[in-house]
Amino acid sequence: MPPVEAATRPGGHREQIEGSVAVARAVALARPEVICAYPISPQTHIVEGLGALVKSGQLTPCEFINVESEFAAMSVAIGASAAGARAYTATASQGLLFMAEAVYNASGLGLPIVMTVANRAIGAPINIWNDHSDSMSQRDCGWIQLFAENNQEALDLHLQAFKLAEELSLPVMVCMDGFILTHAYEPVNLPDQAEVDAFLPPYVPRQVLDPAEPVSIGAMVGPEAFMEVRYLAHARQLQALERIPQIADEFAQRFGRRSGGLVRAYRCDDAATIVVALGSVLGTLKDTVDALRDEGQKIGVLGIHSFRPFPLAAVREALAGAQRVVVLEKSFSVGLGGVVSTDVRLALSGLHLHGHTVVAGLGGRAITQASLARMLHEAVAGTLPPLSFLDLDWRIVNRQLEREAAQRRSGPIAENLLRDLGSMPAVRGADQSERAERRAAPKPARVPSGGRPTDPSDEGLP
Amino acid sequence: MTAVKFYQTGTFTVGNRLLAPEQRSVQASTERNNSLNSGHRACQGCGEALGARYAVDAAMRATSGQLIAANATGCLEVFSTPYPETSWQLPWIHSLFGNAAAVGTGIAAALKVKGRDRGEKPVRVIAQGGDGGTTDIGFGCLSGMFERNDDVLYICYDNEAYMNTGVQRSSATPPAARTATTQALGREPGAVFGQGKNLPLIAMAHEIPYVATATVADLHDLEAKVERAMAIRGARYLHILVPCPLGWGAASHDTIRLARLARESGLFPVFEAQHGEITAVQKIRHRVPVADYLKPQKRFAHLFAHGGQAGHPEMLARIQADADKNIRRFGLIDAAQEA
């Protein structure tokens with residue numbers, strides 16, 4: 001974790017607190033009016049912190065609602081936001097997937113809800129540790145997605161998120177690495193309430209449910225206008241592309257430190273190789289690059305802080321001078337490769353750079369400086385394949401692939417027929433002979449399109 | 001003299017301008033709000049459009065027009081808001097199929113935090129959905145709203161199936177009813193006996209302040225229940241039977257008659273409950289056999305002998321037994337009347 005910049009102004013104070021607590025305090029400083037809480041690791045400490053602030057009367061006026069699911073959490077936030085309240089919730093992993101329908105709805109209705117995603121892997125197999133699979137799964141939902149590198153940035157991004165969301169009438173997800181950030185104790189600068197109030201004006205909804213001026217929100221839209229609505233969602237994201245750096249500048253002027261923005265380059269000016277990444281791994285990467293620079297390697301790091309909208313131009317500009325680009329990402333599009341890589345490749349179209357995707361840290365697998373250094377040496381030497389998996393244990397993978405290849409399956413018809421005729425033990429119970437007789441008549445195999453023949457023995461029997 | 005009889009304020013009266021103003025139906029007033037105004041795209045004879053117009057207008061009168069509605073996906077939403085048109089004359093939001101109750105909770109929370117739920121002109125919230133959005137996909141959110149006692153009146157317009165998607169079975173579909181997913185085929189055609197949910201009873205089990213059932217056959221009663229519900233704070237639930245001519249395979253002009261027969265047969269008990277206990281029951285006036293109610297509906301045609309088909313008298317008997325059980329359970333007939 002890189003050291004947090006010291007505050008260069010008199011306001012605020014410095015505290016050594018947990019990342020989740022820092023976020024809870026930042027959200028409280030933003031004066032939310034409705035907070036929805038449903039627990040899921042590693043998000044829990046955030047809503048616990050906010051619950052305590054509301055219950056003790058330190059955050060008022062605010063309604064803290066314990067809901068029965070993440071789907072309800074986002075739905076309550078939708079209702080509250082539409083009725084003119086500043087609404088906030090937090091989630092992770094399966095919770096984000098469970099609320100997905102409402103996540104799309106919030107952006108479709110243009111409701112400026114702010115949500116923290118304490119990034120975590122998605123099962124099965126169940127895994128509570130960090131990677132970016134959850135928020136990446138909501139890549140196309142129309143929300144702005146900002147990624148925090150450390151806890152100070154997570155704190156600062158929440159304040160910027162409310163401002164951005166409400167200016168553009170778009171919901172914003174602040175993504176922070178689960179456990180690595182949420183559960184880490186670091187010193188952070190907490191601004192004063194007055195400073196935050198000066199930065200973040202009260203929420204003025206673009207359209208509000210009010211008996212004084214009735215509106216219908218969420219009408220059914222047919223083919224004649226749906227395309228236009230979707231395009232307008234894109235147009236608002238393009239506006240965000242301009243507002244995000246402006247708000248980051250304004251924040252830097254007021255609070256004396258730079259957080260967020262679209263991208264931030266580290267030692268990229270003369271770099272031949274640039275590693276692109278998001279989230280907390282940027283810290284480890286910068287340390288690794290410092291070490292490699294000492295060896296004389298010309299390597300830099302490009303951190304992406306706004307994943308949606310994706311800053312194509314800024315990424316292209318930052319990477320154009322390099323010879324080789326490595327996208328290191330904690331998400332994985334099964335059947336293709338990296339998720340972020342696809343966007344980076346689009347940004348680089350026409351430029352003839354060597355591109356690599358390195359999938360790392362899935363399900364909380366540690367990303368060590370040693371592994372990163374090894375990977376970067378390979379990249380510089382030109383031996384890094386286009387797609388690789390950092391520290392993948394090939395023994396486990398190969399053993400399982402062999403096991404699967406050797407496993408008896410219900411696939412081949414002849415085998416099934418033999419089993420049905422009783423020459424292989426397949427049927428248990430007293431009525432074995434009777435059932436075997438009934439099975440004796442061969443059935444035609446049904447081959448579903450794109451699949452293997454299904455087992456005829458699993459149908460039509462009592 | 002005859003005028004008194006003609007304008008009686010009984011079960012079968014919709015509204016009457018000759019009555020004292022306080023006894024008049026909301027719809028009988030020229031000052032009615034028309035919250036769900038004309039020109040929408042509901043089918044002819046739609047029970048849901050009728051029920052919603054009466055319920056929302058009554059809620060508007062009860063709140064002096066200070067009302068916000070959250071609507072689930074379904075017929076009511078689709079036929080009333082084809083962009084860029086809307087039939088709603090009050091602030092109205094549609095979010096999703098399964099979250100009307102939770103959106104209502106959010107609106108209520110926003111009103112509370114802004115102090116708009118109290119004072120001289122308190123703003124109140126209703127959430128509404130069909131039986132699919134209420135008893136099935138929205139059940140979790142609804143139960144959450146009940147359990148927290150959020151200040152929302154939830155109105156379920158029960159037409160006993162997913163009518164908006166082409167008449168598929170919901171957990172409010174009655175046994176033996178033919179739907180697109182409980183076909184009139186096999187030994188026991190139609191929906192399975194013994195399945196489904198009785199949501200008014202489930203709502204009562206949450207011990208919320210007010211639960212009531214109503215039908216579009218008695219719109220005076222429906223309006224009175226909405227007004228009573230709006231006089232109470234906390235979670236409230238109103239379950240309205242709204243026949244669907246299309247899905248039930250009934251004549252458009254039979255909507256109100258069928259709703260009445262549902263009650264008079266005992267299949268749809270009309271009652272009120274407060275904090276989990278039944279406080280009022282609407283007695284059956286002219287008890288009818290369930291066959292009288294089922295026969296005009298094509299969704300039950302397979303129960304009756306027709307065109308060489310034998311019908312299913314044993315299933316009819318089971319439905320009659322269900323109605324009899326309701327009559328006993330809810331005391332729908334006075335002992336004296338029964339004797």
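Quantities reported herein were computed from a predicted structural model and do not represent experimental measurements.
- A heavy-atom distance below 4.5 Å is not found between the side chains of B:Gln89 and A:Pro214.
- For B:Ile68, the part lying under 4.5 angstrom from a heavy atom of chain A is the side chain only.
- Contact annotation for B:Val78: both backbone and side-chain heavy atoms come within less than 4.5 Å of a heavy atom of chain A.
- Both the backbone and the side chain of A:Ala102 come within less than 4.5 Å of a heavy atom in chain B.
- Of the listed residues (B:Leu111, B:Asn71, B:Thr86), the one with the most heavy-atom contacts under 4.5 Å to chain A is B:Thr86.
- Within a 6.0 Å sphere centred on CD of A:Glu213, other residues, nucleotides and ligands contribute 12 heavy atoms or fewer.
- With hydrogens and angles disregarded, a donor-acceptor distance shorter than 3.5 Å links the side chain of B:Lys114 to the backbone of A:Gly84.
- Heavy atoms from other residues, nucleotides or ligands lying under 6.0 Å from CD1 of A:Ile126 number 12 at most.
- Residue B:Phe139 holds its CZ atom at 11.0 Å from CD of A:Glu68, rounded to the nearest 0.5 Å.
- Using a distance-only test at 3.5 Å, with no hydrogens or angles considered, no donor-acceptor pair links the side chain of B:His94 to the main chain of A:Ala219.
- Side-chain contact check for A:Pro211 versus B:Arg116: some heavy-atom pair is nearer than 4.5 Å.
- Heavy atoms of A:Leu209 lying under 4.5 Å from chain B belong to its backbone as well as its side chain.
- Counting non-hydrogen atoms of neighbouring residues, nucleotides and ligands closer than 6.0 angstrom, the NZ atom of A:Lys163 exceeds 12 such neighbours.
- Residue B:Glu147: no heavy atom, backbone or side chain, is found under 4.5 Å from chain A.
- In this structure, B:Ser95 OG and A:Met74 CE are separated by 10.0 Å, a value rounded to the nearest 0.5 Å.
- Heavy atoms closer than 4.5 Å to chain A are found in both the backbone and the side chain of B:Gln66.
- Interface check for chain B: of the options A:Val215, A:Val34, A:Val208, the most heavy-atom pairs under 4.5 Å are formed by A:Val215.
- A donor-acceptor pair is defined here as one N or O able to donate and one able to accept, closer than 3.5 Å; no such pair exists between the side chain of B:Asn99 and the backbone of A:Ser75.
- Residue contact with chain A, scored on non-hydrogen atoms closer than 4.5 Å, is absent for B:Ala70.
- Between the CG atom in A:Asn105 and the OG1 atom in B:Thr73 there is a gap of 8.0 Å [rounded to 0.5 Å].
- By the 4.5 Å heavy-atom criterion applied to side chains, A:Phe71 and B:Leu96 are counted as neighbours.
- Of all the listed residues (B:Gly115, B:Ala102, B:Ala110), the one sharing the greatest number of non-hydrogen pairs under 4.5 Å with chain A is B:Ala102.
- Crowding of B:Arg233 atom CZ: a count of heavy atoms from other residues, nucleotides or ligands under 6.0 Å exceeding 12.
- Here the closest heavy-atom approach between residue B:Trp92 and residue A:Gly218 is recorded as CZ3-O, 4.2 Å.
- Among the candidates A:Pro61, A:Ala83, A:Ala85, A:Ser216, the residue making the largest number of heavy-atom pairs closer than 4.5 Å to chain B is A:Ser216.
- For B:Leu201, the CG atom counts as densely surrounded, since its 6.0 Å shell holds more than 12 non-hydrogen atoms of other residues, nucleotides or ligands.
- B:Val103 places none of its side-chain heavy atoms less than 4.5 Å from the side chain of A:Val76.
- Atom OH of A:Tyr104 has more than 12 heavy atoms from other residues, nucleotides or ligands within 6.0 Å.
- Of the residues considered (A:Ile78, A:Asp210, A:Val221), A:Asp210 shows the highest number of contacts with chain B, using heavy-atom pairs under 4.5 Å.
- With rounding to the nearest 0.5 Å, the separation of CG in B:Asp150 from CD in A:Glu63 is 9.0 Å.
- Residues B:Arg148 and A:Val67 form a side-chain contact, since some pair of their non-hydrogen atoms from C-beta on lies under 4.5 Å apart.
- Atom CD of A:Glu228 sits in a crowded spot, with more than 12 heavy atoms from other residues, nucleotides or ligands closer than 6.0 Å.
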